[in-house]
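Here the structure is laid out as structure tokens; the discussion comes afterwards.
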Protein chains: 2
Amino acid sequence: MQQKKDAPLRSDAQRNRERILEVALAELTRSSDTPLSAIAKKAGVGQGTFYRNFPNREALVLEVYRYEVQQLADTAAQLLETRTPDRALRDWMDRLAQYAMAKAGLAEALRASTVTRGTLTKLGHGAVSAAVSLLLDANERAGTIRPGVTPDDFVLAIAGLWQMDAHGDWQPRAARLLDLVMDGLRVGAPGPRPPASGPASIDAD
Amino acid sequence: MQQKKDAPLRSDAQRNRERILEVALAELTRSSDTPLSAIAKKAGVGQGTFYRNFPNREALVLEVYRYEVQQLADTAAQLLETRTPDRALRDWMDRLAQYAMAKAGLAEALRASTVTRGTLTKLGHGAVSAAVSLLLDANERAGTIRPGVTPDDFVLAIAGLWQMDAHGDWQPRAARLLDLVMDGLRVGAPGPRPPASGPASIDAD
DNA sequence: ACCTGAACACCGTTCAAGT
DNA sequence: ACCTGAACACCGTTCAAGT
């Protein structure tokens, strides 16, 4: 019996929660294994308060990550308005790579705290998944990628991004990976904007 | 001053080390976060002995993993003898997927203990890298994949395998990922066994 | 040279007492 | 209803004492 149904938090509780998230973002970005006690102290709350908000490390990290990733997801729609679908997709992937590197500490924290497998995928069911859907659908309609690619496929294909070292020269490595993925997505594409029927069918009408 | 240069271990020390690795494989495969103290106890050694052999959790996990992965790497050469290069590559990838799922607990342990990023990649510089090189080279020579793909590219491209949930129905997900990667690798391939010069050059001689 | 196991440090989690 | 901070449990790491 922690909390009613979706009753709004008391204002001080609300403030505490925000402070914790704020500090967690800064701290976890820097180093992925900052003790939760340190975060609580820096946020100016007791251990108990911390635990009232986040039952464990994973819950905190997921929440921080979710918020951060949301912003990136939002850019997908914008890119689609100013570019061709395939350039929008590729540009978004580039941003994703930049993001993954900038938030390397956070990504590490996520990997480290995610004991259960597939949690990363579960996170994908949120904002990222929606953004990816948008991009994939637009490309499928334009005939620039093969039909039937799911957001899940996409997320798995670019998983390598989360495995690169942010300190080294990740840029060329990321570019090569994303090029390969884009090529893989294009194979079997019906071709740029095909009207209705299949391309070069055996019997013409 | 732990140990001379590469002086052979005393026989009892050797036995202890093997016992630890044996227990660690069994225990970590089951659940990724078995306490090191539990492993030490089950192996019948004191905490100190454990630490003499493995300075931290990561060292242990890497060692266990390295050995396990070695066996898989060894199959690459065999596959190349009994199949066409591209089928050998694809079959090896399928085995890799099976392996990744069978050793899911171990893979989790690896992810969890790998604080430093790129450690996974570093592991790739060993046996896996050699196996992948073998497969890629054979395919490049046969013209079934584009030239210039490095083992690093490959490892990044299939990183999604380590992110799948072993309990769910990973089989179709893995197949889709590997298909996409294969397609990506094929794009720009010179074509099956081209003799010497580029295909369809502008000016014929 | 190697081993043991108690001792220490640290961090996550809980809970009695307070407002 | 929410907060605090001391107390507890657990695990990684070290080290004095042994063979």
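A, B, ... follow the sequence lines: proteins, then strands. Residue 1 opens every chain.
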Pairing partner (Watson-Crick or G-U wobble, both distances under 3.5 angstrom) of C:dA1: D:dT19

Nearest-Å distance for atom pair CZ/C1', residues B:Phe50 and C:dC2: 16 Å

How many Å lie between CG on A:Asp12 and C1' on D:dA1, as a whole number? 9 Å

Ignoring hydrogens and geometry beyond distance, is a side-chain donor-acceptor pair present between A:Thr84 and A:Asp86 at under 3.5 Å? yes

Pair assignment for C:dC8, Watson-Crick or G-U wobble, requiring both distances under 3.5 Å: D:dG12

Output yes when at least one side-chain N/O atom of B:Thr49 is less than 4.0 Å from OP1 or OP2 of C:dT4, else no. yes

Indicate yes or no: does B:Asp91 engage B:Arg95 in a salt bridge with an N to O separation below 4.0 Å. no

Can you find a heavy atom in the side chain of A:Leu60 that is under 4.5 Å from one in the side chain of A:Leu21? yes

Separation of B:Arg57 atom CZ from D:dC10 atom P, in whole Å? 16 Å

Selected nucleotide, minimal atom distance to A:Ser37 side chain, candidates C:dG12, D:dG12, C:dC2: C:dG12

Could you tell me the separation between the CD1 atom of A:Ile39 and the P atom of C:dC11, rounded to a whole number of Å? 12 Å

Grab the CG-P distance between B:Leu36 and D:dT14 for me, whole Å please. 12 Å

Here the distance between atom P of D:dT14 and atom CZ of B:Phe54, to the nearest Å, is 16 Å

Figure out the CD/P separation between B:Gln47 and C:dC8, and round it to whole Å. 15 Å

Where B:Ala88 and B:Leu80 come nearest, the two heavy atoms and their spacing: CB-CD2, 3.8 Å

How close or far is atom P of C:dA1 from atom CG of B:Asn16, stated in whole angstroms? 17 Å

Carboxylate-amine/guanidinium contact B:Asp183 A:Arg146, below 4.0 Å: yes

On DNA chain C, does the nearest nucleotide to B:Gly44 precede the nearest nucleotide to A:Asn56 from the 5' side, or the other way round? Give the residue. B:Gly44

Quick note, A:Arg52 side chain, CB onward, closest among D:dG12, C:dC2, D:dC2 is D:dC2

